[in-house]
Amino acid sequence: MVPQHMELQKKLKVENFAEWFEQTTLHAMIYDYRFPVKGCGVWPGYGFKLRRNVLEVMRSLLDNSGHEECLFPLLIPRGLLEKEAEHVRSFQEEVFWVTMGGSSELGEKLALRPTSETAIMPMLKLWIRDYKDLPIKLYQVVSVFRYETKATHPMIRVREVTTFKEGHSAHATYEDAEKHVGEMVGLYKKFYEELCIPYIVSKRPNWDKFAGAICSIAFDTIMPDGRALQIGTVHHLGQNFSKPFDVKYLKPDGTHEYVWTTSYGISERVIAALIALHGDDRGLVIPPKVAPIQAVVIPIPYKGREGEVYEEAKKVYSELTSTGIRAIIDEDDEETPGSKFFKWELKGVPVRVEIGPRDIDRGVVTLVRRDTLERKSVARSELLTSFTALLDVLSNDMRSAAWKYLDERFYKVKSLDEAGELIKARRGIVEVPWCGRDECGSTLEDNTEARVLGSPLGAAAEKGKCISCDREASNSLRLAKTY
RNA sequence: GGGGCCGUAGGCUAGCUUGGUAGACUGCGAGGCUUGGGCCCUCGCGACCCAGGUUCAAAUCCUGGCGGCCCCA
């Protein structure tokens, strides 16, 4: 039983999310935002491991779907960056430029990539000759740089995005590219499911598409402060990039056609969402799949019985690690068990394994799950099966709790007043009937102080009237405060 | 883009209005005592964001920079 005063609290997290987030990530050694350059943070060892595990999930999904991991240069010459007119217009105010080499001015200034389409296209031009070379699917995990002028937030709005996983593909036809977009949306869904992150998929409105895309599909989730956070996007780029970069292929009939490209990305915002959605006022709660440490074994020594307690704890520890479980043992005899409990709870270790004289006498071990702090004794002889089963239960419970959280903050309303109030109170995402015209979208943004996330993918016509112009609604629009 | 608040040991902070020895808690190190939810005691370590200015004297007042947070567009 968890004592009354120790019941899970989310007061700070809910009342002052920004502070909670920065403190928790710092104290748990996930992310240190004290680096003296605006919008730049550091991943210490423990956070780096979490990041690596998250990326590992993504890598395995991509590797198993025909992608190859590549690495393109950080520097993009101005001429390339500016080839696609709309792309450059959108990014020009947020590009960092390298203008000097030592003390001499560069002839052509070099951009720190804000994203890599313009670095990849010239190489595709060299690599693609005929239809047999298509499709090409590649990705890289790199830093990208954006000179954010608005407020920056640790991990959420940064100037160096350190964990930019960008996928790029080239196809022979519009339809192939379109199909690939659908597959990548499916791949991202799997990714978020693995991380226990709930999401809403929207087709971004025309005025908020990725610069140069013909269609942008975005994943959003809801943070504890009620704002929506974009955690992934998939873009159909059409021939908007292949034309200016002159990337053509030879078709079987002997003619040439420009390739059709797509791009899709996620960033460390995914990790921010994971932390924000699962954490509580004791610290992190990390889904077992990506937890740097899945189990911490804590011996509870008593005077006279220290020897056997430590010995048993070690046995349990090696049993766990021998099956590939990421376990550690905290044998520090200078620190009390209680203090260790708090320490590892802060770090979000999914399961704590306690071994004391009482357990030894009864032939059991005590398992405590991090999400609910529920404690139970399991037979010593069945440790491994009980443990793995518990990890599964924990993952599933975390996933459903997070989905429940999102579902409760997703509102479908029919009136502008209602929408406005929900947005103003920062209750989450609001979906309203919409006539489908861009002008009503921007009117709504003005009237509700919200941003338009977009509309459902392939939704049937919404019944009702557009809440902006009162015309018959043909679709829905999602609105929210955003980051 | 506009407005406001703020920056003190690794962390959280007191002191600033009214200029004059920077204090607590936590952490870290040593020792003792303990250990099923942050024990306690002793000793030690550790800080005024940066650059100018005012002043006999600046953490404190002024200007600028860097950095952080909040609100509004």
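Per chain, numbering begins at 1; letters A, B, ... match sequence-line order. Given the structure is predicted, the values throughout are model-derived calculations rather than measurements.
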Tabulate protein N/O versus nucleotide N/O from nucleotides 26-31 of chain B, keeping only pairs under 3.5 Å, one per line.
none

Can you tell me the base-pairing partner of [N]? Count Watson-Crick or G-U wobble geometry only, both distances below 3.5 Å, and say none if there is no partner.
N     : result
B/C16 : none
B/C66 : B/G7
B/A59 : none
B/U21 : none
B/G37 : none
B/U54 : none
B/C28 : B/G44

Contact class for [X] (heavy atom, under 4.0 Å): base, sugar-phosphate, or nothing?
X        : answer
A/Gly304 : nothing
A/Thr366 : base
A/Pro299 : nothing
A/Arg157 : nothing
A/Lys340 : nothing

The side chain of [X] is closest to which nucleotide in this list: [options]?
X        : options             : answer
A/Arg282 : B/G36, B/G68, B/G37 : B/G37
A/Glu22  : B/G36, B/G37, B/G68 : B/G68
A/Gln23  : B/G11, B/G68, B/C72 : B/G11
A/Glu449 : B/A73, B/U34, B/G37 : B/A73
A/Arg34  : B/G10, B/C71, B/G36 : B/G10
A/His153 : B/C69, B/C71, B/G38 : B/C69
A/Phe342 : B/C69, B/G38, B/G11 : B/G38

Taking atom types as they are modelled, is there a donor-acceptor pair under 3.5 Å from the base of [N] to the side chain of [X]?
X        : N     : value
A/Arg352 : B/G37 : yes
A/Glu345 : B/G38 : no
A/Arg375 : B/G37 : yes

- [ ] Would you confirm whether A/Asn53, through its side chain, and A/Val290, through its main-chain N or O, come within 3.5 Å as a donor-acceptor pair?
- [x] yes

Task: A/His87 (side chain) donor-acceptor with A/Ala211 (main chain) under 3.5 angstrom - done: yes

Task: Nearest-nucleotide 5' precedence on RNA chain B, A/Glu19 against A/Pro337 - done: A/Glu19

Task: Nearest-nucleotide 5' precedence on RNA chain B, A/Arg358 against A/Pro36 - done: A/Arg358

Is NZ or CZ of [X] both nearer than 6.0 Å to the six-membered ring centre of [Y] and within 45° of the ring axis?
X        : Y        : value
A/Arg146 : A/Phe96  : no
A/Arg113 : A/Phe145 : no
A/Arg157 : A/Tyr483 : no
A/Arg409 : A/Tyr405 : yes

Write down the distance between [atom1] ([X]) and [atom2] ([N]), rounded to a whole number of angstrom.
X        : N     : atom1 : atom2 : answer
A/Trp20  : B/C70 : CH2   : P     : 15 Å
A/Tyr33  : B/C49 : OH    : C1'   : 16 Å
A/Tyr483 : B/C69 : OH    : C1'   : 13 Å
A/Leu367 : B/G36 : CG    : C1'   : 15 Å
A/Asn16  : B/C71 : CG    : C1'   : 14 Å
A/Asp225 : B/C71 : CG    : P     : 9 Å

TODO: Side-chain contact test, heavy atoms from C-beta onward, threshold under 4.5 Å: evaluate it for A/Pro456 versus A/Glu431 and give yes or no.
DONE: yes

Open item on the list: Is A/Lys303 close enough to B/U34 that one of its side-chain N or O atoms is under 4.0 Å from OP1 or OP2 there?
Closed with: yes

TODO: Evaluate the ring planes of A/Phe191 and A/Tyr188, with Trp represented by its six-membered ring, and classify them as parallel (under 30°), tilted (30 to 60°) or perpendicular (over 60°).
DONE: tilted

Task: Residue pairs, two or more places apart or on separate chains, that pass salt bridge (charged side-chain N to carboxylate O under 4.0 Å, His left out) and touch residues 300-326 of chain A - done: A/Arg305-A/Glu308, A/Arg305-A/Asp361, A/Glu312-A/Arg380, A/Lys314-A/Glu331, A/Glu319-A/Arg380

